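A short write-up of the structure that comes next.
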Amino acid sequence: MSQSTEQTFRHNELGLTNEQALEMYAMMVLARKFDERNLLLQRAGKINFHVSGIGQEVAQVAAAFALDRENDYFLPYYRDYGFVLAVGMTVKELMLSVFAKAEDPNSGGRQMPGHFGSKRLRIVTGSSPVTTQVPHAVGIALAAKMKNKPIVSFVTFGEGSSNQGDFHEGCNFAGVHKLPVILMCENNQYAISVPVSKQLGGRVADRALGYGFPGYQVDGNDALEVFRVVKEARERAIAGEGPTLIEAMMYRLSPHSTSDNDLAYRTKEEVDENRAKDGIPKYKSYLEECGLWNEELEAELQARTRKMIDEATEYGDNAPFPAPESVLLHVYAEEGR
């Protein structure tokens with residue numbers, strides 16, 4: 001069914017064209033397939049380490065589409081492959097990162113995969129200590145307000161991070177100064193091996209009230225609901241109404257990382273139960289109900305995605321490693337700068 005039929009669907013009511021709704025789905029599939037390929041590469045000994053985001057792509061991609069991808073600033077955390085792909089990073093760039101190659105635009109092969117950074121895309125470099133990106137995002141929002149720029153900073157983190165000081169200090173400062181920052185907690189139910197029942201005494205979203213701004217809990221497997229909430233948060237921020245905290249409820253379907261045995265702290269039955277709630281097939285079904293998607297298009301997408309990932313994998317595998325003499329690059333400031 002084409003846009004010319006003038007039939008309005010839920011995504012149209014939210015401000016998405018049919019083409020954008022389909023692009024969102026393609027990006028979710030790309031992120032999932034990229035993630036699955038990395039798990040295989042690590043098991044084959046081709047790469048050393050991978051932190052998976054399987055089960056979290058829907059909320060990441062939906063959030064990206066709700067933002068201004070040409071002007072806003074982004075501070076993703078280490079599972080956000082879907083998000084960084086949706087704001088413009090390429091599979092080839094991500095593969096260079098996981099293979100730790102010299103051409104890696106994130107860090108020149110110097111950081112673990114998942115430490116995203118791109119000046120071109122306004123993705124602020126992440127560090128290994130979790131949650132430090134929250135006060136950084138708040139600082140960027142302060143600069144935007146001081147310069148009267150109609151942009152927001154968008155930062156993501158896990159629910160385990162919401163228990164750390166950086167999160168609370170960032171929220172307090174943002175609330176006091178009514179800064180244009182959106183904080184999205186990707187609550188995947190586990191801080192490595194610790195379940196939410198042993199790390200949270202309440203809802204992450206409710207913590208916003210103590211800092212003077214709204215907090216919302218949303219189904220992270222519902223693409224359009226995440227899009228709606230993030231879009232409204234951005235509108236509030238641009239209007240000078242301050243920050244918003246969003247708690248996207250989801251589930252980490254894969255182990256914490258390739259160094260993790262997740263069945264040591266959870267059951268296969270629990271994982272399978274949550275796999276049935278996966279938001280990607282749910283969103284695919286929605287597109288089919290709208291008449292925008294079918295199995296022929298699905299087969300074409302899968303083939304196109306496979307080719308893209310195959311080419312990026314081959315390129316990343318064969319690209320040169322950083323030269324040994326480059327070890328001190330970017331460590332010390334150059335004279336005169």
Side-chain angles (χ1 to χ4, degrees), residues 14-16 20 24 27 56 58-77 79-80 82-89 116-126 131-158 161-162 166-187 204-205 207-209 211-218 220 223-248:
L14 294 173
L16 286 166
Q20 288 171 325
M24 280 175 55
M27 203 60 67
Q56 303 182 212
V58 168
Q60 294 170 7
V61 172
F65 273 71
L67 299 167
D68 183 342
R69 289 178 285 168
E70 301 297 325
N71 295 290
D72 291 340
Y73 280 75
F74 314 116
L75 296 93
Y77 90 130
R79 298 192 194 281
D80 280 6
F83 183 84
V84 297
L85 284 168
V87 298
M89 196 165 279
F116 310 108
S118 172
K119 185 175 182 179
R120 168 176 61 93
L121 300 172
R122 299 164 317 285
I123 298 174
V124 181
T125 302
T131 331
T132 56
Q133 68 271 24
V134 173
H136 294 165
V138 171
I140 291 169
L142 175 62
K145 183 173 183 178
M146 292 173 68
K147 294 182 177 182
N148 198 30
K149 290 188 173 182
I151 60 174
V152 305
S153 62
F154 177 83
V155 59
T156 60
F157 48 92
S161 288
S162 72
D166 282 327
F167 166 79
H168 294 279
E169 292 174 29
C171 283
N172 187 64
F173 194 89
V176 168
H177 297 283
K178 289 190 175 298
L179 300 180
V181 57
I182 302 170
L183 306 101
M184 189 171 91
C185 173
E186 298 182 26
N187 188 337
V204 173
R207 294 176 174 181
L209 297 176
Y211 297 116
F213 57 89
Y216 302 98
Q217 190 178 84
V218 63
L224 297 182
E225 190 63 10
V226 174
F227 176 87
R228 180 187 69 81
V229 172
V230 174
K231 182 182 179 182
E232 290 179 1
R234 188 180 189 279
E235 291 169 351
R236 288 188 63 258
I238 295 301
E241 297 175 21
T244 302
L245 172 62
I246 299 166
E247 181 183 14

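Keep in mind that what you see is a predicted model, and the values were worked out from it rather than measured. Heavy atoms only: backbone and side chains are in, while hydrogens, waters and symmetry mates are out.
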Is any side-chain heavy atom of [X] less than 4.5 Å from a side-chain heavy atom of [Y]?
X	Y	value
Gln217	Asn187	no
Phe213	Pro243	yes
Ile151	Asp68	no
Ser162	Glu247	no
Asp72	Phe154	no
Leu16	Leu224	yes
Cys171	Arg207	no
Ile182	Ile246	yes

Should Phe157 and Leu75 be marked as a side chain to side chain contact (heavy atoms under 4.5 Å, CB included) after you check the CA-CA gap, both sets of side-chain angles, and the distance that decides it? CA-CA 9 Å; Phe157 48 92; Leu75 296 93; over 6 Å; no
To the nearest 0.5 Å, what is the distance between [atom1] on [X] and [atom2] on [Y]?
X	Y	atom1	atom2	result
Lys178	Leu142	NZ	CG	15.0 Å
Glu235	Glu241	CD	CD	9.5 Å
Glu169	Tyr211	CD	OH	9.0 Å
Gln60	Tyr77	CD	OH	7.0 Å
Arg122	Arg69	CZ	CZ	10.5 Å

Using the rule given for side chain to side chain contact (heavy atoms under 4.5 Å, CB included), can you reason through His168 versus Asn172, listing the C-alpha separation, both sets of side-chain angles and the distance that settles it, and then say yes or no? CA-CA 6 Å; His168 294 279; Asn172 187 64; over 6 Å; no
Between [X] and [Y], what is the shortest heavy-atom contact and its length?
X	Y	value
Phe167	Ser161	CB-O, 3.6 Å
Ala63	Val226	N-CG1, 4.1 Å
Gly158	Cys185	C-SG, 3.8 Å
Val124	Ile140	CG2-CD1, 3.5 Å
Leu121	Gly88	CD1-C, 3.4 Å
Val84	Pro76	CG1-CG, 3.9 Å

Has the side chain of Arg234 got a donor or acceptor atom that lies under 3.5 Å from a matching backbone atom of Ala66?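 Looks like no, no N/O pair under 3.5 Å.
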Backbone N or O of Thr156 within a donor-acceptor pair of the Gln133 side chain at under 3.5 Å?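 Yes, the answer is positive, given that a donor and an acceptor are paired below the 3.5 Å cut-off.
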For atom NZ of Lys145, decide whether the heavy atoms of other residues, nucleotides or ligands shown that lie under 6.0 angstrom number more than 12.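 Result for NZ/Lys145: enclosed.
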NZ/NE/NH1/NH2 to OD/OE distance under 4.0 Å, Glu232 and Arg228: yes
Taking the six-membered ring for Trp and the single ring otherwise, decide whether the centroids of Phe116 and Phe74 are under 6.0 Å apart.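 Here the rings of Phe74 and Phe116 have centres that are no less than 6.0 Å from each other.
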